[in-house]
**Q** 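Take a look at this one; I'll ask things after.
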Amino acid sequence: MSLLSNSLLLQGRLRHAAASAVAAAAMGRRGVATSTEEYNRRNYAKNISEYNTVFGSLTAQRRHYLLRDAYDDMMLDGVQPVRDTFHNLIVGAMKGSRLQDAFYFRDQMKEMGLQPDVNLYNFLISTCGKSKNSDAAIMLLEEMKAHGVKLKGETYVCLLNALAATGRTDQVYAIVRDMTAAGLGLNKFCYAGLITAFKNKAPTTEETMTKIVEFVQQSKGWKNVERVSKDSSENIMMNVSEEELYNLPTAEYVHRQAFVYKQMTIYHVAIHACADLKSKETLEVLLDMLIKDGFTYDAFIAMQAMRCYLQCGDIDSAVKIFEEYTSSKSPPAELYVTLAEGAMIGHTPRGMQLAQETIEKMTSRNFFLNARMGTDLLLAASGEKTGGYTIANYVWDLMQNRRITPSLPAVEAYYKGLKEREIPSDDPRLMNVSRVLDNLSIRFGPRRNSNAQA
């Protein structure tokens, strides 16, 4: 059987591996009365090369929650992991924001006599940032120093952005001082971290927005962090972009052509912060600065500007941004979804009408919802307490027609909204949603290696 030719079979194999191992141990061998042919058919990997392929495939499929199960199966098979194996596993844990798993793999690595190198520490620190655990990031820094692991420029930037995730501006400034003492200049990713730190610092004050604008201005004179040419080779090999390593909001879009202009990194982070903090005034200052710098909106800037306006209840300005962008460029599906989802805030008659028209326009242009976009729209539409539930039903039908299932929380919210409308229990739509909800509840029940970051 080719590796991962059937991901459902793999998932079932992993979930039942523990029970199979217990039975095998009781009989003194693995696989009771199982022929060699049957064992080979059921076993999805036999050696370290194949297991490394499995780990990489699980990460590519975003099934990070299965990595530890697959690792357990590898150990049960008596396959000895090597350094590259742990690199695959820790990068997968990082991409899935699974801090507990990342530390588990690090501990397993040490038990086998393999000391993490600086690149692995960078991935671990990045995972701390994704999991908003600044204490763990500091602990890793101390561990690196204790083991004589020399920090690279990348390491400082990872630390800065990991600490920024929890709004610890004092710790972030300490990292900046350490970088300066080490002879390193601040690059655009450092300024992005400074902006993020103030965005996440609580409570938000007038200083917050002032600092964000100041950092954008200061970043215009940024210098490259000094590093040797091989510093980023590990990231390239593991398909980890700088935006992902440093937890920038553009990380999931950066590989898509024309969605993100990399030279606008500071504006991406700053305008994303405006949307999160609902600061329309600061947004407009930054948009003016962007134009004066000779830039035009990329898709990410347009999306975040729309999100900011919609969060502030300014539908007209959001529509204007949308129309300006679509008049000169081909819009991605996310732009339609951002407008529709934001228009549903508060579930006002005008907003709901705009949302429906936007989704219909998107569909007419042959843009289709994926699981994530459909989930976001269904969650937003399911909060409607009055009316005919038109948009929620429309989004559900669009996804059903393409055999795409929303997330469990979205289906739960949609089902609850249907029940509140006193629909007869034998209504076909209600029965269908109930079946999907039951299946999702079973499918995403407790797993062998449950994780707080799942």
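Computation of the quantities below employed the complete heavy-atom set of this structure, encompassing side-chain atoms and omitting hydrogens, waters and symmetry-equivalent molecules. Here, residue 1 is the first one in the sequence, and each next residue gets the next number.
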**Q** Are Met238 and Met94 side-chain neighbours, meaning at least one heavy-atom pair lies under 4.5 Å?
**A** no
**Q** May I ask you to say whether Arg106 pairs ionically with Glu111, meaning some side-chain N is under 4.0 Å from a carboxylate O?
**A** no
**Q** Atom CE of Met74 and atom OG1 of Thr85: how far apart are they, to the nearest 0.5 Å?
**A** 5.5 Å
**Q** Step through the shown structure and confirm whether more than 12 heavy atoms of other residues, nucleotides or ligands are within 6.0 Å of CZ on Arg83.
**A** yes
**Q** Calculate, to the nearest 0.5 Å, the distance between atoms CE and CG belonging to Met209 and Leu283 respectively.
**A** 9.0 Å
**Q** Ring pair (Phe, Tyr, Trp, His ring centres under 6.0 Å) for Phe86 and Phe105? Distances and angles first, verdict last.
**A** CA-CA 7 Å; Phe86 289 108; Phe105 295 136; 7.3 Å; no
**Q** If I take atom CD1 from residue Ile125 and atom CG from residue Asn247, how far apart are they, to the nearest 0.5 angstrom?
**A** 11.5 Å
**Q** In chain order, what residues pass the side chain to side chain donor-acceptor pair (under 3.5 Å) check against Thr375, with sequence neighbours excluded?
**A** none
**Q** Would you call the rings of Tyr267 and Phe295 parallel, tilted or perpendicular, where under 30° means parallel and over 60° means perpendicular?
**A** perpendicular
**Q** Examine distances only and state if a side-chain atom of Asn88 and a backbone atom of Gly56 form a donor-acceptor pair shorter than 3.5 Å.
**A** no
**Q** Might you work through the side-chain contact (heavy atoms from CB on, under 4.5 Å) test for Leu194 and Lys211, ending with a clear yes or no?
**A** CA-CA 9 Å; Leu194 287 164; Lys211 282 290 187 182; over 6 Å; no
**Q** Please report the C-alpha distance between Leu369 and Ile404 in whole Å, then the side-chain angles of each, then the deciding distance to 0.1 Å, and finally whether the side-chain contact (heavy atoms from CB on, under 4.5 Å) criterion is met.
**A** CA-CA 9 Å; Leu369 297 175; Ile404 298 174; 5.8 Å; no
**Q** How many angstroms lie between atom CG of Asp376 and atom CD of Glu341, to the nearest 0.5 angstrom?
**A** 5.0 Å
**Q** List for me each residue that meets side chain to side chain donor-acceptor pair (under 3.5 Å) alongside Ser407, sequence neighbours excluded, and say none if there are none.
**A** none
**Q** So which heavy atom on Val157 is nearest to which on Cys190, and how close?
**A** CG2-SG, 3.9 Å
**Q** Using a 4.5 Å cut-off on heavy atoms from C-beta on, say whether the side chain of Met144 contacts that of Pro116.
**A** no
**Q** Quick one: side chain to side chain donor-acceptor pair (under 3.5 Å) pairs with a partner in residues 169-181, sequence neighbours left out?
**A** Arg168-Asp170
**Q** Can you tell whether the side chains of Lys110 and Glu143 come within less than 4.0 Å, N to carboxylate O?
**A** yes
**Q** Mind checking what makes ring-ring contact (aromatic ring centres under 6.0 Å, His included) contact with Phe259, not counting sequence neighbours?
**A** Tyr253
**Q** Going by side chain to side chain donor-acceptor pair (under 3.5 Å), name the residues that satisfy it together with Gln263, two or more places apart in sequence or in a different chain.
**A** none
**Q** Taking the basic N atoms (NZ, or NE/NH1/NH2) and the acidic carboxylate oxygens, is any pair closer than 4.0 Å for Lys329 and Glu324?
**A** no
**Q** Which value, rounded to the nearest 0.5 Å, describes the distance between Ser279 atom OG and Glu284 atom CD?
**A** 9.0 Å
**Q** Between Tyr191 and Phe215, how do the two ring planes meet: parallel, tilted or perpendicular, split at 30° and 60°?
**A** tilted
**Q** Backbone N or O of Leu437 within a donor-acceptor pair of the Ser441 side chain at under 3.5 Å?
**A** yes
**Q** Please find the pair of heavy atoms, one from Leu379 and one from Ala410, that lie closest to each other, and give the distance.
**A** CD2-CA, 3.6 Å
**Q** Just wondering, do Glu243 and His255 contact through their side chains at under 4.5 Å, heavy atoms?
**A** no
**Q** Any donor and acceptor pair, going by atom type alone, linking the side chain of Lys188 with main-chain N or O of Lys262 inside 3.5 Å?
**A** yes
**Q** Kindly indicate, with the supporting measurements, whether the criterion side-chain contact (heavy atoms from CB on, under 4.5 Å) is fulfilled by Tyr44 and Tyr51.
**A** CA-CA 8 Å; Tyr44 57 87; Tyr51 267 110; 3.9 Å; yes
**Q** Going by the salt bridge (charged side-chain N to carboxylate O under 4.0 Å, His left out) test, which pairs reach into residues 190-207, not counting sequence neighbours?
**A** Lys199-Asp276
**Q** Show, in sequence, the C-alpha distance, side-chain angles and deciding distance for Phe55 and Asn52, and conclude whether the side-chain contact (heavy atoms from CB on, under 4.5 Å) test is met.
**A** CA-CA 5 Å; Phe55 299 141; Asn52 283 339; 4.1 Å; yes
**Q** Would you confirm whether His272, through its side chain, and His268, through its main-chain N or O, come within 3.5 Å as a donor-acceptor pair?
**A** no
**Q** Do the side chain of Asp117 and the main chain of Asn119 share a donor and acceptor less than 3.5 angstrom apart?
**A** yes
**Q** Between Tyr297 and Tyr325, does the ring centre distance come in under 6.0 Å?
**A** no
**Q** Is a side-chain N or O of Ser219 found less than 3.5 angstrom from the main chain of Val216, in a donor-acceptor match?
**A** yes
**Q** Check whether Ser97 reaches the backbone of Ala93 with its side chain - one donor and one acceptor, N or O, closer than 3.5 Å.
**A** no
**Q** Measure from the side-chain N and O atoms of Asn200 to the backbone N and O of Ala165, and report whether any donor-acceptor pair falls under 3.5 Å.
**A** yes
**Q** If we only count heavy atoms from C-beta on, is the Ile301 to Leu287 side-chain gap below 4.5 Å?
**A** yes
**Q** Cation-pi between Arg98 and Tyr65: NZ/CZ under 6.0 Å from ring centre and within 45° of the ring axis?
**A** no
**Q** Tell me if a side-chain donor or acceptor on Gln400 pairs with a main-chain N or O of Trp396 at a distance below 3.5 Å.
**A** no
**Q** Can you tell me how far apart OG (Ser131) and CG (Leu99) are? Round to the nearest 0.5 Å.
**A** 4.5 Å
**Q** Which atoms form the tightest heavy-atom contact between Gly193 and Ala164, and what is the distance?
**A** O-CB, 3.2 Å
**Q** Are any side-chain N or O atoms of Asp298 and backbone N or O atoms of Phe300, one a donor and one an acceptor, separated by less than 3.5 Å?
**A** yes
